[in-house]
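As a basis for the values below, the full set of heavy atoms in this structure was taken, side chains included, without hydrogen atoms, waters or symmetry mates. As the structure lists them, so they are numbered: ligands from 1, and atoms in each ligand from 1. Residue numbers start at 1 and run along the sequence shown. These figures come from a predicted structure and were not determined experimentally.
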Amino acid sequence: MAARLSAGAATASVLPLAVAGHACAAAGRAYAAKPRRATATSADVKTESVTGDASLGVHAAAHGLLYGCAVNMNALGADAAYAALVREQCRIVVAENAMKWGALRPSAEGFNFDQADALVAFAESNRMKIRGHNLVWHQNNPKWLEAMATEANARELLVTHIETVAGRYAGRMHSWDVVNEAIRVEDGRADGLRNSVWLRLIGEEYIELAFKTAREADPQALLTYNEYGIEAETREGEQKREAVIEMLRRMVARRVPLDAVGVQSHIAAAATVAAGGNKSAASQVGAGLMRFIAAVRELGLQVFITEMDVNDRALAADGPGRDAAVATAYRQYLELVLGDAAVKAVLTWGITDRYTWLDHEEGRADGKAERPLLFDAAGKAKAAFFAVREAFDQRGAAS
Ligand code: XIL
């Protein structure tokens, strides 16, 4: 059994946020644990400038942070207002899907880099950094992969893919998510590793193989392990954090080339915050996550918040506090994690509600569109935008 995470410097109070893994949304039943500052009103939202020096990218940079978002390539090509929004706000971008196996590998023999190249060109022409996502995952793989991969050819398939993809963009990437979501405690292994196609065919050394191959293919990119479900102050969250940190410790001890950990941060707004707050049982965010971040820092690794969004499934569609509760979740989560200097980047998973992936996942029970991001479907800054910007501003001076 993995040792418990040692207590770090963090003494964070528990925050009233529900946390949702992307497979199953937790209902947000939480309460306000600390006083909330006023969020921007809709009147502020209309008049205040949010571009140029007022943008998230500029505010983040002033506090030693990179801000950016995941980019939907279909929207980037078709929606000029969306492209302008990304350009105005982001200093770093990541492809929401275009660099996954499912997009790059139409066939076992071939690669299709059209969308990935388009993202790199967009980023470079706008002087943005680029995160690569991802080289190894159990999801979004092409159908042919599981059909043709065998114990005999899996290593070669993996190595060729990483050499080709990371090699193509070598020297131009800020970071690569080399392995995504390798831990799943429910799969029952003592080491917590997920029973993925790569584990079955290669064994646990697929992780080391992937990182070593990525380092050789692109020595300049920061190599990242990216994971979800490590945010919640629940037993499941703690078990997952323990399994992840044990895996990271084994990797560092074996000198696996690893530079950073991505905390995906798909969280949920708490219904009771929208309702004014009351005390009830909750999935919460707090000291456990901060101990995890401290442990990652003590391993000499950076931390990136890689995929933040705040689903609003637990909130009444027409309740007055819906956008305010989402903003509160952003503010409290970011104020907490940005308290650790190891956190160097914040990316949201999308930027406008118009293109959120959540509408295509579980969605709201009432069938209405989710509002989990920083700009509304018409491209107007929401209270969440101002909450994020203020959380960046509180971070202290750039280091
Ligand atoms: C999601 C995309 O947003 C969707 O468009 C796609 O259908 C599935 O993948 N964790 C990750 C991301 O690491 O790659 C996922 O992105 C969201 C959860």
Side-chain angles (χ1 to χ4, degrees), residues 18-26 68-79 82 86 90 92-106 115-116 118-119 130-143 145 161 165 173-184 194 196-198 207 210 214 223-232 237 240 244 260-268 303-311 313 333 345-364 369-375 377:
V19 175
H22 53 269
C24 64
C69 77
V71 174
N72 174 322
M73 291 309 295
N74 297 328
L76 193 74
D79 181 342
Y82 171 75
V86 175
C90 297
I92 186 166
V93 285
V94 59
E96 182 172 355
N97 289 305
M99 291 193 188
K100 295 173 183 171
W101 278 70
L104 295 176
R105 303 301 303 275
Q115 289 204 327
L119 179 73
I130 310 157
R131 300 198 76 242
H133 174 83
N134 55 58
L135 296 170
V136 188
W137 195 21
H138 63 281
Q139 268 185 39
N140 281 58
N141 286 324
K143 288 209 173 59
L145 179 65
H161 181 84
V165 177
M173 305 297 279
H174 165 270
S175 49
W176 264 110
D177 286 337
V178 179
V179 175
N180 197 30
E181 305 180 350
I183 294 291
R184 187 168 191 270
R194 178 188 292 271
S196 73
V197 58
W198 300 113
I207 296 175
L223 302 187
T224 306
Y225 175 72
N226 195 46
E227 188 58 273
Y228 76 98
I230 49 178
E231 300 87 2
K240 191 156 184 178
V244 171
V261 174
V263 179
Q264 289 189 9
S265 311
H266 294 290
I267 65 171
V303 175
F304 306 138
I305 304 302
T306 49
E307 306 186 11
M308 187 166 185
D309 56 15
V310 178
N311 87 57
R313 283 168 210 151
Y333 186 84
V346 174
L347 289 96
T348 47
W349 204 243
I351 191 162
T352 154
D353 293 343
R354 189 179 190 99
Y355 301 117
T356 172
W357 73 298
L358 292 173
D359 281 338
H360 308 288
E361 295 290 306
E362 198 172 337
R364 290 176 57 92
E370 297 237 17
R371 303 207 300 248
L373 288 163
L374 309 183
F375 288 81

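Of all atoms in ligand 1, numbered sequentially from 1 with element shown, those under 4.0 Å from a heavy atom of Glu181 are 10 (N), 11 (C), 13 (O). Interface of Lys100 with ligand 1, defined as ligand atoms under 4.0 Å from a residue heavy atom, comprises 1 (C), 2 (C), 9 (O), 12 (C), 14 (O), 15 (C), 16 (O).
Ring orientation note: the planes of Tyr355 and Tyr82 are nearly perpendicular, at an angle over 60° on the 30°/60° scale.
By the 3.5 Å distance cut-off applied to N or O atoms, Glu361 is not counted among the residues near ligand 1. Considering backbone and side-chain N/O atoms, Glu307 comes within less than 3.5 Å of an N/O atom of ligand 1. By the 3.5 Å distance cut-off applied to N or O atoms, Trp349 is counted among the residues near ligand 1.
At least one heavy atom of His133 sits closer than 4.0 Å to an atom of ligand 1.
Counting only distance, with no hydrogens or angles, the side chain of Asp353 and the backbone of Leu373 share a donor-acceptor pair below 3.5 Å.
Residues Asn226 and Glu307 bring a donor and an acceptor atom of their side chains to less than 3.5 Å of each other.
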Evaluate side-chain hydrogen bond (donor to acceptor under 3.5 Å, both in side chains) for Trp101 paired with His161, printing each intermediate quantity in order. CA-CA 8 Å; Trp101 278 70; His161 181 84; 3.3 Å; yes
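When all heavy atoms of Thr356 and Glu370 are compared, the pair lying nearest together is CG2-O, 4.3 Å. Contact between Cys69 and Leu347 at its shortest, heavy atoms only, is N-CD2, 4.0 Å.
Under 4.0 angstrom from ligand 1, there are no non-hydrogen atoms of His360. No part of Asn134 comes within 4.0 Å of ligand 1, judged by heavy-atom distances. With a 4.0 Å heavy-atom cut-off, ligand 1 is reached by no atom of Asp177. When non-hydrogen atoms are compared, ligand 1 lies under 4.0 Å from neither the backbone nor the side chain of Tyr228. Heavy atoms of Gln139 found under 4.0 angstrom from ligand 1: none, in either backbone or side chain.
Applying side-chain hydrogen bond (donor to acceptor under 3.5 Å, both in side chains) to Asp177 and the options His133, Gln264, Lys100 leaves one that passes, His133.
With sequence neighbours excluded, the residues satisfying salt bridge (Lys or Arg N to Asp or Glu O under 4.0 Å) with Arg364 are Asp312, Asp366.
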